[in-house]
2 protein chains.
Amino acid sequence: MASDHTRSAILAAAERLYADRGFGDVTLRDIVAEANVNLAAVNYHFGSKDELIAELFVTRSIQTNRERLNELRAAEDAGGGRAVIEDIMRALVGPTLRGCLGPDREGSTAARFMIRASIESVPPIRRIKNREVDHLRKFAAAMRRAMPGRDDTELYWGLHFALAMAHHTIREKERLLRLSEGKCDLDDVRAIIDRVVTVSVMALTMGDVASKPAARPVLVHGRLTRQDL
Amino acid sequence: MASDHTRSAILAAAERLYADRGFGDVTLRDIVAEANVNLAAVNYHFGSKDELIAELFVTRSIQTNRERLNELRAAEDAGGGRAVIEDIMRALVGPTLRGCLGPDREGSTAARFMIRASIESVPPIRRIKNREVDHLRKFAAAMRRAMPGRDDTELYWGLHFALAMAHHTIREKERLLRLSEGKCDLDDVRAIIDRVVTVSVMALTMGDVASKPAARPVLVHGRLTRQDL
DNA sequence: TTGCATTTCAAACATTTGTATGAAACTATC
DNA sequence: GATAGTTTCATACAAATGTTTGAAATGCAA
């Protein structure tokens with residue numbers, strides 16, 4: 001293998017173009033023009049367009065997953081093998097939110113690519129996402145250790161809602177910005193992570209209440225304030 | 001105008017095919033074959049493929065938005081012009097969740113179409129979604145009336161998170177099902193709505209806590225149980 | 001240098017796809 | 001029942017796009 005030059009030029013150009021203009025609008029000819037390589041090089045090095053997209057997404061996914069697991073292990077080590085639930089949720093949503101939001105992240109091609117992959121999901125990416133369940137199970141296991149005795153169902157719902165808030169914030173940040181007329185600060189990533197983590201932990205610690213609406217007297221009139229905690 | 005037969009046959013066939021196989025995999029030729037009409041009929045009646053998709057999505061969006069506003073008004077009327085926050089959130093997420101989840105909804109073409117539109121967003125649909133902000137403002141206004149004095153920012157975040165949980169549950173229901181090995185019951189729509197509403201209201205009533213993580217002592221060790229409420 | 005494998009290149013291929021055309025069929029009005 | 005407007009139809013068009021091909025160039029080892 002000579003130098004990988006062509007291969008990495010294609011990867012870089014493809015990621016940049018996909019991040020900027022989306023998968024639907026970028027053709028192989030756009031990519032090879034941006035990378036200054038021959039059209040056939042894509043099929044030579046990657047086999048097909050879909051495999052190129054898959055490689056891009058897998059690379060970035062592995063990075064994110066590794067960051068998540070590093071944070072999770074750090075939290076578990078600090079707690080002697082059992083992390084507190086708050087830190088687990090932080091490890092789950094932190095890396096993605098930090099990577100995709102924030103003021104300086106505007107220039108991060110990788111982050112914008114992952115946002116794009118989250119918004120307009122194409123077949124090769126969908127196939128990979130389907131294998132993400134194994135990764136999430138590690139978090140479910142950590143949560144189970146942190147909250148022994150809690151029903152598994154609640155754990156999964158909490159995990160699910162945490163990802164919901166994180167991903168939806170990334171996906172719909174433009175809309176939230178417009179809806180709030182700029183009042184919601186999407187550059188303060190730390191505050192956003194705190195917010196998502198806090199709500200996730202609340203959801204988890206509410207437990208079985210959710211299925212019994214009558215058992216929520218303090219909420220019925222929507223008058224619960226911070227002091228009521 | 002004669003009978004609208006061709007027009008509605010195209011709409012029905014297109015919605016069914018898009019719902020089943022996604023936008024990327026369905027061509028105009030597939031649609032006209034399913035509808036038993038001529039290829040040129042699409043452009044004659046709708047102008048273009050994108051306008052056909054737009055009409056499908058607009059129709060279903062209007063239906064959902066109307067349901068939401070009906071529920072909202074009913075709640076406000078019942079409360080003498082001011083609905084409780086819980087009912088407002090229920091009006092926001094209830095129609096979509098009821099429409100897209102549940103056991104018998106498997107056969108609802110409209111619901112499956114909207115799920116598809118939520119998963120693989122295509123240009124004509126994205127353009128329409130961008131105009132959805134005005135509709136959400138009505139809910140923000142109702143929430144403001146229900147929780148006077150609360151900071152607007154918190155209102156928007158709560159609204160945003162409610163939609164996040166609802167939409168993500170629809171989008172990723174397969175994954176949640178697989179992750180939880182079937183333990184999360186995605187057919188019990190009423191329980192899911194309660195769950196989303198409860199967490200949303202919690203998020204809203206937490207208010208400014210989120211930006212000050214140090215002010216959450218009861219949560220730090222993840223030991224808050226139902227009794228602590 | 002010679003020989004062999006790898007990589008690059010220009011060009012062509014083969015489809016697919018949305019759209020346009022113009023004639024034919026149909027419908028309703030007078 | 002003739003006419004004008006509407007709708008349907010078969011067919012063609014034009015453009016885009018991923019992929020393939022076979023030769024040329026390049027790099028490397030003997």
Side-chain angles (χ1 to χ4, degrees), chain A residues 1-58 113 116-117 120-128, chain B residues 1-58 113 116-117 120-128:
Chain A
M1 180 175 321
S3 76
D4 258 6
H5 169 269
T6 303
R7 218 185 121 87
S8 27
I10 292 173
L11 283 170
E15 183 167 48
R16 190 166 46 234
L17 287 178
Y18 284 143
D20 285 342
R21 294 161 34 192
F23 297 101
D25 282 345
V26 176
T27 69
L28 287 189
R29 284 170 176 81
D30 293 331
I31 293 172
V32 299
E34 180 87 358
N36 276 313
V37 301
N38 187 271
L39 174 60
V42 173
N43 286 277
Y44 178 78
H45 285 281
F46 298 93
S48 72
K49 181 194 185 183
D50 277 11
E51 287 173 87
L52 166 62
I53 294 178
E55 173 147 348
L56 280 171
F57 186 68
V58 165
F113 172 80
R116 191 62 80 167
E120 38 169 317
S121 168
V122 287
I125 288 182
R126 266 200 298 278
R127 279 192 287 272
I128 294 162
Chain B
M1 180 174 323
S3 76
D4 258 6
H5 168 269
T6 303
R7 217 186 121 88
S8 26
I10 291 173
L11 284 170
E15 183 167 48
R16 188 166 46 235
L17 287 178
Y18 284 143
D20 284 342
R21 295 162 31 193
F23 297 101
D25 282 344
V26 175
T27 71
L28 287 188
R29 283 168 176 84
D30 293 330
I31 293 172
V32 299
E34 179 88 358
N36 276 312
V37 301
N38 188 271
L39 173 61
V42 173
N43 284 277
Y44 177 79
H45 285 282
F46 299 93
S48 72
K49 181 194 185 185
D50 277 12
E51 288 173 88
L52 166 62
I53 294 178
E55 172 147 347
L56 280 171
F57 186 69
V58 165
F113 172 81
R116 190 63 80 166
E120 40 169 317
S121 168
V122 287
I125 288 182
R126 267 200 297 277
R127 279 192 287 272
I128 294 162

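Lettering follows sequence order; numbering is per chain, from 1. Computed from a predicted structure; not experimentally measured.
Between B:H45 and B:E55, the closest side-chain pair of non-hydrogen atoms is not below 4.5 Å. No side-chain heavy atom of A:V26 sits less than 4.5 Å from a side-chain heavy atom of A:D20. B:R21 has its side chain within reach of B:D30: a pair of non-hydrogen atoms, C-beta onward, lies under 4.5 Å apart. Side-chain contact between B:R127 and B:D50 is present, with at least one heavy-atom pair separated by less than 4.5 Å. You'll find the side chain of B:Y44 stays beyond 4.5 Å of the side chain of B:T6, heavy atoms only. You'll find the side chain of B:L11 reaches within 4.5 Å of the side chain of B:L56, heavy atoms only. By the 4.5 Å heavy-atom criterion applied to side chains, A:F113 and A:R16 are not counted as neighbours.
Within residues 42-57 of chain B, the residues approached by DNA chain D to less than 4.0 Å at the level of any non-hydrogen atom are B:Y44, B:H45, in residue-number order. Near DNA chain C, meaning a heavy atom under 4.0 Å away, the residues from residues 26-34 of chain B are B:T27, B:L28, B:R29.
Between B:T6 and the phosphate of D:dT7, there is no side-chain N or O to OP1/OP2 separation shorter than 4.0 Å. Within the 4.0 Å cut-off from OP1 or OP2 of C:dT7, not a single side-chain nitrogen or oxygen of A:N38 is found.
Remark: B:R126 engages B:S121 in a side-chain hydrogen bond (donor to acceptor under 3.5 Å, both in side chains) (not counting sequence neighbours).
At the heavy-atom level, A:A41 lies nowhere under 4.0 Å from the strands shown.
Nucleotide C:dT16 holds its P atom 15 Å from the CG atom of B:L39, rounded to whole Å. In this structure, the CD1 atom of B:I10 is 10 Å from the P atom of D:dC9, given to the nearest Å. Distance B:H5 NE2 to C:dT27 C1': 16 Å, rounded to the nearest Å. Taking atom CG on B:D25 and atom P on C:dT17, their separation rounds to 9 Å, with Å as the unit.
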